[in-house]
Amino acid sequence: MTLEPGTLYVVATPIGNLADMTERARLVLAKVDLIAAEDTRETLHLLNHFGISAPRLLAYHDHNEAGAVPRLVAALEAGQTVALVSDAGTPLLSDPGYRIVVAARERGLAVVPVPGACAAICALSAAGLPTDRFLFLGFPPRTSAQRRTWLAAVAEEPGTLIIYESAKRVLETLADIGAVLGERRVVLAREMTKRFETFLSGSAEELRARVASDPDQQRGELVMVVEGRAAANDAKMIEATRVLKILLAHLPLRQAVDATVQITGIKKNLLYQLGLALNE
């Protein structure tokens with residue numbers, strides 16, 4: 001494999017299981033002139049695991065991006081090859097890297113992705129929620145008031161929501177999801193690809209109770225996959241239709257509709273039209 005001079009390679013690394021490292025990623029990391037790493041210690045551990053003699057490592061993280069970008073651009077313009085890696089997963093996905101990619105593109109330098117693991121896509125692929133449309137939100141704000149405002153801004157999003165969260169705040173964030181987004185299906189993916197990988201599914205309230213009773217579920221790396229508005233509404237209408245069918249077998253239309261409104265919370269005019277269709 002030959003690398004192109006002056007190219008920035010955005011390299012995905014495993015999110016837990018080192019067997020998920022791709023052959024192409026190993027080759028790129030072995031051949032580049034410079035690796036820009038979120039944490040040089042983590043990257044050195046990865047390189048040692050695969051028997052890669054470390055090229056020059058440069059720390060590149062949220063706190064030094066402004067100073068690191070000019071150095072990396074200068075290296076690229078001098079014809080060196082550079083790999084960008086985060087501690088785990090795909091760079092730029094709630095990890096550093098955006099500034100150097102933008103700077104390289106603005107200068108006409110080549111940026112080449114080396115795909116691999118991504119916690120957001122990994123969780124979505126196994127969550128059992130709609131995948132045709134989704135919105136990656138990254139990490140929420142740290143205070144409840146800010147989180148609730150943040151969640152309210154996406155309450156009408158029809159696609160599945162993907163949220164990263166610290167294990168320390170999982171209970172508080174589940175409470176806020178339930179308060180703002182209501183009765184939606186939530187999947188909590190923890191320690192994906194690792195020994196203690198778990199997927200829990202239920203409403204935010206159900207998951208909060210389950211996690212609160214099990215300290216092990218409050219450890220490790222977490223991804224929350226939340227049902228979008230459209231899917232949640234579809235599920236409510238399916239349940240409302242089921243209830244209305246049962247009631248129509250025993251009650252007049254208006255009484256059946258009124259009872260279904262009380263049970264499901266669906267708007268009366270919508271259920272009335274549905275009742276007329278069912279009666280026909």
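Note: hydrogens, waters and symmetry copies are ignored here, and every other heavy atom, side chains too, is used.
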Could you tell me whether [X] and [Y] have a side-chain N and a carboxylate O separated by less than 4.0 Å?
X	Y	value
K268	D258	yes
E205	R208	no
E157	R133	yes

Between [atom1] on residue [X] and [atom2] on residue [Y], distance to nearest 0.5 Å:
X	Y	atom1	atom2	answer
Q218	R169	CD	CZ	13.5 Å
L151	L137	CG	CG	8.0 Å
Q255	H250	CD	NE2	13.0 Å
L248	T260	CG	OG1	7.0 Å
D33	L3	CG	CG	8.0 Å

So if you build clusters from Ile, Leu, Val, Met, Phe, Trp, Tyr with side-chain heavy-atom gaps below 4.5 Å, do [X] and [Y] land together?
X	Y	answer
L8	Y98	yes
V32	F50	yes
V243	L253	no
L58	L47	no

Counting C-beta onward and ignoring hydrogens, is there a side-chain heavy-atom pair between [X] and [Y] closer than 4.5 Å?
X	Y	value
L274	V257	no
V82	Y60	no
E38	T13	no
R210	L188	no

In I100, V28, V85, V111, the residue satisfying side-chain contact (heavy atoms from CB on, under 4.5 Å) with V10 is V111

Return yes if some donor-acceptor pair links the side-chain N/O of [X] with the main-chain N/O of [Y] below 3.5 Å, else return no.
X	Y	result
T173	V170	no
T160	P130	yes
R107	A103	yes
T22	G116	no

Just do the salt bridge (charged side-chain N to carboxylate O under 4.0 Å, His left out) check on K194 and E197 with the steps written out, would you?
CA-CA 5 Å; K194 301 176 186 177; E197 174 182 282; over 6 Å; no

For H45, I'd like to know if atom NE2 has over 12 heavy atoms of other residues, nucleotides or ligands within 6.0 Å.
no

Between R184 and A155 the two heavy atoms that sit nearest each other are NH2-O, 2.7 Å

If you look at every heavy atom in W150 and P140, which pair is closest and at what distance?
CZ3-CB, 3.2 Å

Check the pair E239, K236 against salt bridge (charged side-chain N to carboxylate O under 4.0 Å, His left out), reporting the backbone distance first and the verdict last.
CA-CA 5 Å; E239 176 62 10; K236 288 181 180 179; over 6 Å; no

Is there a side-chain contact (heavy atoms from CB on, under 4.5 Å) between L161 and L181 once you walk through the steps?
CA-CA 11 Å; L161 307 175; L181 302 182; 4.0 Å; yes

With no hydrogens and no angle check, do the side chains of S144 and E172 hold a donor and an acceptor under 3.5 Å apart?
no

If we count only N and O atoms by modelled type, under 3.5 Å, do the side chains of R190 and Q217 hold a donor and an acceptor together?
yes

Trace of the side-chain contact (heavy atoms from CB on, under 4.5 Å) decision for F196 with D216
CA-CA 9 Å; F196 297 107; D216 286 339; over 6 Å; no

